[in-house]
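Some notes on the structure that comes next.
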Protein chains: 2
Amino acid sequence: MKSEKTTTKKYLTIQDYIKKRIQTGKFPVGSYLPSENEICNRFKTTRTTVRRALDELLKEGFIEKEHGRGSKVIERGNSLGLLTVKGFSGSIDYEVQTIVTTHPKIIKWDPVIAFPLTNDEKKSQCVYFQRVRNINNLPVVLENNWYSLDALQFIKADEFVEGSFFKTLSQKHLIEIMGADQELRSIPASKEVAKKLQIKIGNPILHISVRFRTSKPGLNLYGDLYCNTTEYPIRNSFFL
Amino acid sequence: MKSEKTTTKKYLTIQDYIKKRIQTGKFPVGSYLPSENEICNRFKTTRTTVRRALDELLKEGFIEKEHGRGSKVIERGNSLGLLTVKGFSGSIDYEVQTIVTTHPKIIKWDPVIAFPLTNDEKKSQCVYFQRVRNINNLPVVLENNWYSLDALQFIKADEFVEGSFFKTLSQKHLIEIMGADQELRSIPASKEVAKKLQIKIGNPILHISVRFRTSKPGLNLYGDLYCNTTEYPIRNSFFL
DNA sequence: CAAAACAACTTGTATGTACAAGTAATAATC
DNA sequence: GATTATTACTTGTACATACAAGTTGTTTTG
């Protein structure tokens, strides 16, 4: 039996408060946060602590700071080092379309998941769904997803914000992606994959196994992606 | 005419000092830095400033902090969001070997480079070399590399530190990787690639085009990698 | 001798203060 | 009226201090 000491660190309180207001749109993208001194007054603390909180938000990609002006809310996720299909998200050159090919349903954990499950996850039921991403009406990515029902409620496909599961998590459930582990392989297309991506069996396919870690304790998102990279390669950028 | 005010920020001085000592091996990987108070005394400053410097080094992946113990120097690059072969670097399970198959030589820029060259690079001569990475005596990665001779001197293969070009840059030239852009494709092995990786022509290969941005202005490192991922997948992790 | 208490370290959080430096709108000057 | 200076904001750097909390080795205690 542990006392579970949650020592509410002040900088975390401030950080979470601002993060929540950004996520819920109270501090919209492009706007400026209250000045550091205003935040000090509101939380009865000093600039050192407020700056600490803002530094975290800066590091997490929620804001950017402008010397002499203020802290600006920015679009998060672009700066994340995520693997993305070239032309996806943010580009107008391509028409991207997401089709839910298997609606969320409760199943047994699939052994194809390339990462060891936690004990809690093993004990829990598993939510699964499958999507296909089209670019210019051509299927490019086949995506299987799993998560633990104990860690996150059942979410129906028609609740997805703009067809995106991540956006749903962020905007409706205040859950953010904190990191990911990925394994990449080049494999020949199986019969099923070939059919869904409309290519020949045996064609080279980029297979990505991914585990996303989230801000919600115990919640991991597992993915299994099959990408036809002949037209649209996968992109990955990172900075310091 | 500008006065070029270099206001030598104190935390930057400390940061650079420690970074340099890590890069040159004076603070070896696995060792602990002097305590924050010791650094304070040495630089006649306060812990706030020292911690600021250490925070930067933490963010850049040079050290990790252990509450109550100290700041430990870690192998940089693992924490970077870089793509690495599973089992490479840091693992003792596999015997990794790097063979320079084409020694550095000056050539024309190769059009296979997937990124647009800067004007300075186009005007400059180009240094090229090719390596093969073996795991347990099996070739796994075929790697082509290019850089601009104007941006970095000619480096011979026998100058490579532990066969690693990056380690050479870091330890002998104090140049660090600041970021990268990568494009991933799954392709069938060409005749040349199949031969060098000892696989069949047409087998699926993970093709990675990469541009590394460095701390040295004007210096980009271009790479073209062919990975046999059947035994050893490519790994990629990132955090916040 | 083993367990508990202690001391001496380490990093973590927080307060309070001061001044430097960048931004933007207003007021004074030419 | 256009330029310059002032002013009132903003964030950036740095000082000094205090105590909390984790680690490790030593000393005391049972």
Side-chain angles (χ1 to χ4, degrees), chain A residues 2-19 21-22 27-74 240, chain B residues 2-19 21-22 27-74 79 239-240:
Chain A
K2 271 170 75 174
S3 63
E4 207 62 44
K5 250 187 62 177
T6 29
T7 17
T8 48
K9 292 161 198 163
K10 213 157 194 174
Y11 76 92
L12 271 180
T13 311
I14 301 171
Q15 187 183 325
D16 288 345
Y17 170 82
I18 297 175
K19 194 188 283 184
R21 297 194 58 104
I22 291 176
F27 294 147
V29 171
S31 70
Y32 288 86
L33 296 185
S35 80
E36 295 175 354
N37 281 318
E38 284 182 71
I39 299 173
C40 287
N41 292 333
R42 199 177 306 185
F43 285 91
K44 294 278 164 283
T45 182
T46 53
R47 266 187 74 211
T48 316
T49 303
V50 170
R51 285 178 65 78
R52 169 90 190 256
L54 293 181
D55 272 357
E56 296 291 327
L57 293 171
L58 183 71
K59 205 159 59 180
E60 294 181 11
F62 285 96
I63 61 169
E64 67 186 15
K65 313 197 83 182
E66 297 172 12
H67 189 178
R69 277 179 53 98
S71 300
K72 191 197 248 177
V73 180
I74 58 174
L240 277 188
Chain B
K2 273 179 53 180
S3 61
E4 206 62 44
K5 253 186 57 176
T6 28
T7 15
T8 48
K9 290 161 200 164
K10 212 157 195 174
Y11 76 93
L12 270 180
T13 311
I14 300 171
Q15 186 182 327
D16 288 345
Y17 170 83
I18 297 175
K19 193 187 284 184
R21 294 192 62 103
I22 291 176
F27 293 148
V29 171
S31 69
Y32 287 86
L33 296 185
S35 79
E36 295 175 354
N37 282 318
E38 284 182 71
I39 300 174
C40 286
N41 292 333
R42 200 178 303 185
F43 285 91
K44 294 275 165 286
T45 181
T46 53
R47 266 187 74 211
T48 316
T49 304
V50 170
R51 284 179 65 80
R52 168 90 191 255
L54 292 182
D55 273 355
E56 295 292 326
L57 293 171
L58 182 72
K59 204 160 59 180
E60 293 181 11
F62 285 95
I63 62 170
E64 66 186 16
K65 313 198 83 184
E66 297 173 12
H67 190 179
R69 277 178 53 95
S71 300
K72 190 196 248 177
V73 180
I74 58 174
S79 61
F239 328 86
L240 277 189

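Naming: A, B, ... by sequence-line order, numbering from 1 per chain.
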B:Thr45 side chain N/O closer than 4.0 Å to the phosphate oxygens (OP1, OP2) of D:dC15? yes

What I want to find out is whether B:Lys19 reaches B:Glu60 closely enough, with some N-O distance under 4.0 Å, to be called a salt bridge. yes

Length of the CD-P vector between B:Glu56 and D:dA14, whole Å: 12 Å

Check this one for me: any side-chain N or O of A:Thr49 less than 4.0 Å away from OP1 or OP2 of C:dT13? no

Once base and sugar-phosphate atoms are separated, protein heavy atoms under 4.0 Å mark nucleotides 3-12 of chain C, 5' to 3', with B, S and - as -------BBB

Under 3.5 Å, side chain of A:Thr13 to main-chain N/O of A:Lys9, donor-acceptor pair present? yes

Reported CG-to-OG1 distance for the pair B:Leu54 and B:Thr49, which is rounded to 0.5 angstrom: 11.0 Å

To the nearest Å, how far apart are A:Lys44 NZ and C:dA14 P? 17 Å

In whole angstrom, what separates B:Lys72's NZ from D:dT23's C1'? 14 Å

Separation of C:dA14 atom P from A:Phe43 atom CZ, nearest Å, is 13 Å

Considering every strand and a 4.0 Å limit on heavy-atom distances, what is the contact class for A:Thr46: base, sugar-phosphate, or nothing? base

After noting the C-alpha distance and the side-chain angles of B:Phe43 and B:Tyr17, does the key distance pass the ring pair (Phe, Tyr, Trp, His ring centres under 6.0 Å) rule? CA-CA 11 Å; B:Phe43 285 91; B:Tyr17 170 83; 5.3 Å; yes

Output yes when at least one side-chain N/O atom of A:Thr48 is less than 4.0 Å from OP1 or OP2 of C:dT13, else no. no

Less than 4.0 angstrom from a charged side-chain N to a carboxylate O is my criterion; do A:Lys65 and A:Glu36 meet it? yes

Expressed in angstrom and rounded to an integer, what is the separation of B:Tyr32 atom OH from D:dG22 atom C1'? 13 Å

Consider side chain to side chain contact (heavy atoms under 4.5 Å, CB included). Of B:Asp16, B:Ile18, B:Ile14, which one does B:Leu57 pass it with? B:Ile18

